Chemist: 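Handing you this structure, nothing more for now.
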Number of protein chains: 2
Amino acid sequence: MSAKLNLDKLDLDIIHHMMENAEISYADLGKKLFVSGGTIHVRIKKLQEAKVVKGTKLSADLKLLGYDVIAFIGIYLKESSLYDAVAKELQKIPEIVRLNYTTGNYSMFAEIVCKDISQLRYVLHDQLQKIKGIERTETFISLEESFNRNVKVAS
Amino acid sequence: MSAKLNLDKLDLDIIHHMMENAEISYADLGKKLFVSGGTIHVRIKKLQEAKVVKGTKLSADLKLLGYDVIAFIGIYLKESSLYDAVAKELQKIPEIVRLNYTTGNYSMFAEIVCKDISQLRYVLHDQLQKIKGIERTETFISLEESFNRNVKVAS
DNA sequence: ATTGAAAGAGTCTCAGT
DNA sequence: ACTGAGACTCTTTCAAT
């Protein structure tokens, strides 16, 4: 499936550090990992070419931006063959930020980010229920996010 | 709750662009948004001071790193007062990358990233079931991630 | 608040090891 | 494969508007 990659401890340490903070300079990261800044640069270039790392993303505080509601939605489909068609419709709704096709109770599993409960209600009631193929949905509103972190890729 | 912020369209456009790609230079982003690179710099500094933006993170391809299994776990607690104690235990398991306290069927909702199914089985069976306070769990393994994006903060 | 230019810092290339 | 130094680019500061 996925190409064979030969990543050593240094590669993983670099990824691990920069998944948390990509603003550190190569020189400073090199000091932490006991190599030169040049070596960090060479490794990152290799990782980019191998498509293991794919750029950096700004991390923003959604609450401060006015997005106070995060919810998860379990979706039951009328037939599982409708997955692609429904996924396409869901992608048109900008509040739906993530969609997974899953095993278990639900056919698909979505995450939604809204400004407030009334916007959530609008998306759930007026947008989702109009999509052909969706049988019904179950919503789990997040009251608190305990943590949200990256998997620990390095020892 | 959250401090009053006065963000204009330019602020939101900057955040929107850089949530997707934080590597663009201020000069280039300025060209896109029809202001100078200096203005981009001033705005980003303001957004950092307001804690609206909190650094950048490297985006890595988990599949290429050998993490082939993403799953969601609905957790039933014996009593909802046990939430904090259980959250603390779950945080010790590095494969659990996210935990939310939710309304609805489940008391809490977790996301887990594993190398393979046998590692998932190990965490679910040997680690989760040993935590006092967890009544039972339901697991939804992601067979495919249709999309995973940021909420659209700008028009 | 925005701008442009100068100073400072970081990235990238490359020749040497 | 790693390093260090030079060339280059980007960020940061600041005086002017």
Side-chain angles (χ1 to χ4, degrees), chain A residues 2-67 150 152-155, chain B residues 2-62 64-66 150 152-155:
Chain A
S2 53
K4 187 84 168 66
L5 287 174
N6 237 349
L7 303 183
D8 64 10
K9 185 176 180 334
L10 178 58
D11 294 317
L12 294 176
D13 281 341
I14 292 169
I15 294 169
H16 180 246
H17 269 88
M18 296 189 69
M19 282 203 322
E20 200 46 49
N21 170 23
E23 273 164 338
I24 190 170
S25 74
Y26 294 174
D28 287 348
L29 184 52
K31 270 175 209 159
K32 280 199 180 189
L33 301 177
F34 307 105
V35 292
S36 72
T39 297
I40 300 291
H41 177 249
V42 168
R43 294 304 189 101
I44 288 178
K45 217 175 126 187
K46 180 189 83 176
L47 292 167
Q48 284 167 339
E49 277 158 11
K51 312 269 186 183
V52 179
V53 304
K54 302 166 297 184
T56 66
K57 292 186 193 307
L58 189 73
S59 163
D61 186 318
L62 290 180
K63 276 227 175 78
L64 286 180
L65 287 171
Y67 291 89
N150 291 117
K152 196 180 167 201
V153 298
S155 49
Chain B
S2 52
K4 187 82 168 66
L5 288 174
N6 236 347
L7 304 182
D8 65 10
K9 185 177 180 332
L10 178 58
D11 294 317
L12 294 176
D13 281 341
I14 292 169
I15 294 168
H16 180 246
H17 269 88
M18 294 190 69
M19 283 204 320
E20 199 48 47
N21 170 23
E23 275 165 337
I24 190 170
S25 75
Y26 294 175
D28 286 349
L29 184 53
K31 270 175 210 158
K32 279 200 182 191
L33 302 177
F34 307 105
V35 292
S36 74
T39 297
I40 301 291
H41 178 249
V42 168
R43 294 304 188 100
I44 288 178
K45 218 174 127 189
K46 181 189 82 177
L47 292 168
Q48 284 167 340
E49 278 157 11
K51 312 268 186 184
V52 178
V53 304
K54 301 166 298 184
T56 65
K57 292 186 193 308
L58 190 72
S59 162
D61 186 318
L62 291 179
L64 286 179
L65 288 170
N150 292 116
K152 196 182 169 199
V153 298
S155 48

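Proteins come first, then strands; the chains are lettered A, B, ... in the order of their sequence lines, and each starts at number 1. None of these values were measured; they are calculated from a predicted model.
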Chemist: Nearest whole angstrom, please: distance from the C1' of C/dA1 to the CG of B/Leu7.
Modeler: 15 Å
Chemist: Is a side-chain N or O of A/Lys57 found less than 3.5 angstrom from the main chain of B/Asn21, in a donor-acceptor match?
Modeler: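 Pair absent, no side-chain N/O of A/Lys57 close to backbone of B/Asn21.
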Chemist: Rounding to a whole Å, what distance do you find between B/Tyr26:OH and C/dT11:P?
Modeler: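 Distance check: B/Tyr26 OH to C/dT11 P gives 13 Å.
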Chemist: Take B/Asp8 and A/Ser25, find for each the nucleotide of DNA chain C with the closest heavy atom, and name the residue whose nucleotide sits nearer the 5' end.
Modeler: B/Asp8
Chemist: Select from A/Ala27 and B/Arg43 the residue whose nearest nucleotide in DNA chain C is closer to the 5' end of that strand.
Modeler: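 Taking each residue's closest nucleotide, the earlier one in sequence belongs to B/Arg43.
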Chemist: Please report, rounded to the nearest Å, how far the C1' atom of C/dA9 is from the CD1 atom of A/Ile40.
Modeler: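 My rounded result for the distance is 17 Å.
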Chemist: Rounded to the nearest 0.5 Å, what's the gap from NE2 on B/His17 to CG on B/Leu33? Could you check?
Modeler: 5.5 Å
Chemist: Given D/dT3, is OP1 or OP2 found less than 4.0 Å from the side-chain N or O atoms of A/Thr39?
Modeler: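 So the side-chain polar atoms of A/Thr39 do come within 4.0 Å of the phosphate oxygens OP1 or OP2 of D/dT3, strictly under.
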Chemist: So B/Thr39 and B/Leu10, do their side chains get closer than 4.5 Å, heavy atoms only?
Modeler: yes
Chemist: Whole angstrom is fine here: how far is it from CG in B/Leu29 over to P in C/dT3?
Modeler: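 Between P of C/dT3 and CG of B/Leu29: 13 Å.
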Chemist: Can you tell me the distance, in whole Å, between the CD1 atom of A/Ile44 and the P atom of C/dT11?
Modeler: 8 Å
Chemist: Calculate the interatomic distance between A/Glu23 atom CD and D/dC10 atom C1'; express it in whole Å.
Modeler: 14 Å
Chemist: Mind calculating the distance between CG (B/Leu58) and P (C/dT11) to the nearest angstrom?
Modeler: 13 Å
Chemist: Does B/His41 put a side-chain nitrogen or oxygen below 4.0 Å from OP1 or OP2 of D/dT12?
Modeler: yes
Chemist: Atom NZ of B/Lys46 and atom P of D/dT13: how far apart are they, to the nearest Å?
Modeler: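 Nearest whole value for this atom pair: 17 Å.
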Chemist: Going by an N to O cut-off under 4.0 Å, is there a salt bridge joining A/Asp8 and A/Arg43?
Modeler: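 A salt bridge is present here (some side-chain N lies under 4.0 Å from a carboxylate O).
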Chemist: Establish, with yes or no, whether the OP1 or OP2 oxygen of D/dT13 is under 4.0 angstrom from a side-chain nitrogen or oxygen of B/Lys45.
Modeler: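 Yes, B/Lys45 has a side-chain N/O under 4.0 Å of OP1/OP2 on D/dT13.
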